[in-house]
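Contents: one structure, followed by commentary.
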Amino acid sequence: MRVAIEPIKRIVVRPGPPLEGTVAVAGAKNSVLKLMAATLLAEGSYRLRNVPRITDVESMADLLRAAGCTVGWSPQAASTLDIAVPAEIEPLAPYEIVEKFRASVIVLGPMLARCGEARVALPGGDDLGPRPIDMHVRGLSELGAELEVVHGNIVARASNLLGTRVLLEFPSVGATENLVMAASAAKGTTVIDNAAREPEIADLCEMLNRMGASIAGAGSPTLVIEGTGDAEALHETDHTVIGDRVEAATYLAAVGVAGGELTIVGARRDHMAMLAQKLGEMGMRVSAGADGVWAFSPGRLRSVDCSTLPYPGLATDYKPFLVTMLAVASGVGIVTENLFAGRFRYVDELRRMGADIRTDAHHAVVRGVERLSGAPVKATDIRAGAALAVAGLGAEGTTVVSDAHHVARGYEDLAGKLASVGADIRAE
Ligand code: EPU
């Protein structure tokens with residue numbers, strides 16, 4: 001069974017009453033894509049639960065199929081993906097699939113560890129400015145691989161991956177993940193210093209450990225991996241994907257802009273503590289509940305300054321939502337982007353809705369206005385599209401977000417979920 005997702009073209013939003021009720025987040029996009037890649041390490045039948053029905057999952061499923069795997073939704077359980085990995089895989093990631101999403105580079109580590117070689121087309125993905133992969137390449141070569149770029153592909157070879165100490169120049173999420181997967185099957189001990197600490201990395205390490213790997217330190221800046229010496233020593237497993245903290249942040253922003261009270265089931269406040277702290281400074285209340293996060297917004301919020309940083313700092317993925325909230329808050333907020341150079345492109349779209357935002361290189365100065373005005377706007381990437389839909393909740397008149405296929409890459413029915421808590425929003 002293929003992973004079929006309804007295509008959407010645009011999201012139409014009108015202002016409505018304050019939001020009220022319960023909304024559930026799906027499994028984390030940025031976790032499940034890596035968990036799917038991890039299955040390439042060993043033959044067997046895998047079952048992933050709490051998998052979001054989004055187009056990036058569809059693209060990763062296509063990548064696994066191109067390598068020889070069988071991937072499909074389980075007929076027995078909702079949101080469950082079954083993956084059968086054969087005894088021999090084809091260590092290839094073709095450009096036609098890779099160009100759709102940047103996370104595809106994550107198959108490099110597991111393919112190399114399993115097959116001793118891999119050919120992965122250079123990735124595309126969100127239009128977030130230059131996104132190099134030099135840290136992936138450097139780390140894998142420190143483990144003993146030889147890598148070169150040939151006709152737009154990264155071609156990697158390693159007869160033997162050997163554990164070593166790798167110091168990352170920056171705690172890159174993708175580089176950490178590629179290295180953890182390769183090191184799991186390498187010979188000897190690998191220590192990754194300045195590793196990324198995101199909850200999605202801990203989720204990957206947990207699944208790898210269940211596959212027979214030995215990884216300590218997940219969630220800290222130092223990961224210690226005792227390699228099995230051979231991918232053959234790893235095996236199939238089942239795993240439940242953690243909740244999507246960026247989807248949760250989207251609903252927090254929706255409450256911030258539209259007002260009201262929401263329970264976000266499946267979200268974890270401890271995975272978004274810095275964001276909860278910022279929203280508290282702005283006047284919202286965000287607390288941990290039994291099965292999720294409870295959020296309340298009393299009305300117009302206060303501006304704050306924000307600066308994006310690797311986890312546990314304020315995630316760059318939250319920024320379009322923060323900028324949207326600041327656009328209608330009282331006062332002036334300065335937002336600094338420290339991760340992705342091009343991540344202010346949606347600001348032009350917010351300006352078309354009447355936002356008063358000035359950008360200069362990595363900074364945005366956001367002067368809150370009383371009210372935005374609905375307009376036709378364009379999604380430039382997943383989070384930007386979702387943030388524009390959220391902006392529409394508090395804008396006068398109708399907002400139409402076009403190029404909404406970007407949103408479907410990362411959200412399972414964003415419009416439907418917001419409509420279920422009282423928003424006037426629909427996807428077409
Ligand atoms: N970088 C390098 N060299 C490298 C790797 C990264 O210079 O070899 C730079 C990047 O250009 C960027 C910074 O380091 O400036 C951070 O990149 P990182 O590798 O941490 O990010 P990523 O793995 O490419 C993931 C998420 C992004 C999220 C970032 C940061 C996935 C699929 N993507 O990307 O999520 O913004 O971490 O937290 O996990 C999204 O979900 O919409 C999204 C873009």
Side-chain angles (χ1 to χ4, degrees), residues 25-38 52 54-57 59-60 63 98 100-109 120 122-142 147 149 154 166-181 192 194-204 221 241-242 244-250 271-272 274-275 308-321 337-343 345-346 362 379-387 406-411 414:
V25 294
K29 167 182 87 76
N30 289 349
S31 197
V32 71
L33 299 176
K34 325 306 171 63
L35 304 175
M36 290 172 77
I54 55 176
T55 42
D56 272 14
V57 164
S59 301
M60 184 55 95
L63 214 49
V98 164
K100 294 182 191 158
F101 72 125
R102 184 190 146 86
S104 47
V105 72
I106 214 65
V107 298
L108 184 60
V120 175
L122 281 166
D126 285 345
D127 190 11
L128 303 179
R131 295 179 72 172
I133 52 162
D134 54 306
M135 283 185 257
H136 302 237
V137 169
R138 182 173 179 160
L140 290 172
S141 40
E142 281 171 355
L147 299 102
V149 176
I154 308 162
V166 179
L167 172 60
L168 290 177
E169 196 177 322
F170 180 90
S172 153
V173 171
T176 302
E177 291 164 337
N178 248 331
L179 290 172
V180 164
M181 287 192 270
I192 306 175
N194 201 23
R197 299 164 62 183
E198 273 72 0
E200 294 76 22
I201 305 256
D203 204 24
L204 173 65
V241 184
I242 56 168
D244 197 316
R245 64 197 164 100
V246 191
E247 186 186 359
T250 312
H271 284 175
M272 44 201 315
M274 191 61 78
L275 178 66
T308 65
L309 281 174
Y311 193 85
L314 211 49
T316 178
D317 304 286
Y318 301 152
K319 202 190 53 198
F321 305 112
E337 171 60 57
N338 292 309
L339 277 87
F340 292 113
R343 249 197 174 180
R345 293 199 179 130
Y346 56 92
H362 290 245
T380 51
D381 67 58
I382 303 175
R383 309 304 172 192
H406 282 296
V407 178
R409 279 187 47 205
Y411 290 86
L414 177 68

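Both counts, for ligands and for their atoms, begin at 1 and track the order of listing.
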ask   = Quick one: CG on L140 to CE on M135, what's the gap to the nearest 0.5 Å?
value = 13.0 Å
ask   = Atom CD1 of I106 and atom NE2 of H136: how far apart are they, to the nearest 0.5 Å?
value = 6.5 Å
inquiry  = Is it the case that ligand 1 has an N or O less than 3.5 angstrom from some N or O of L339?
reply    = yes
Polar contact flag for L33 and ligand 1 (N/O pairs, less than 3.5 Å) = no
Per-residue contact class, K34 against ligand 1 - non-hydrogen pairs under 4.0 Å = side chain
query = For ligand 1, which atoms sit closer than 4.0 Å to a heavy atom of G174?
reply = 19 (O), 23 (O)
remark   = Note: D317, heavy atoms under 4.0 Å from ligand 1, region reported as side chain
request  = Pick one of side chain, backbone, both or neither for how F170 approaches ligand 1, counting any non-hydrogen atom pair under 4.0 Å.
outcome  = side chain
Within-cut-off N or O pair, K29 and ligand 1, under 3.5 Å = yes
task = Using distance alone, determine whether V173 and ligand 1 share an N or O pair under 3.5 Å.
result = yes
key: Nearest-0.5 Å distance that lies between atom CD in E177 and atom NZ in K34   = 3.5 Å
key: ligand 1 versus E177: contacting region, heavy-atom distance under 4.0 Å   = neither
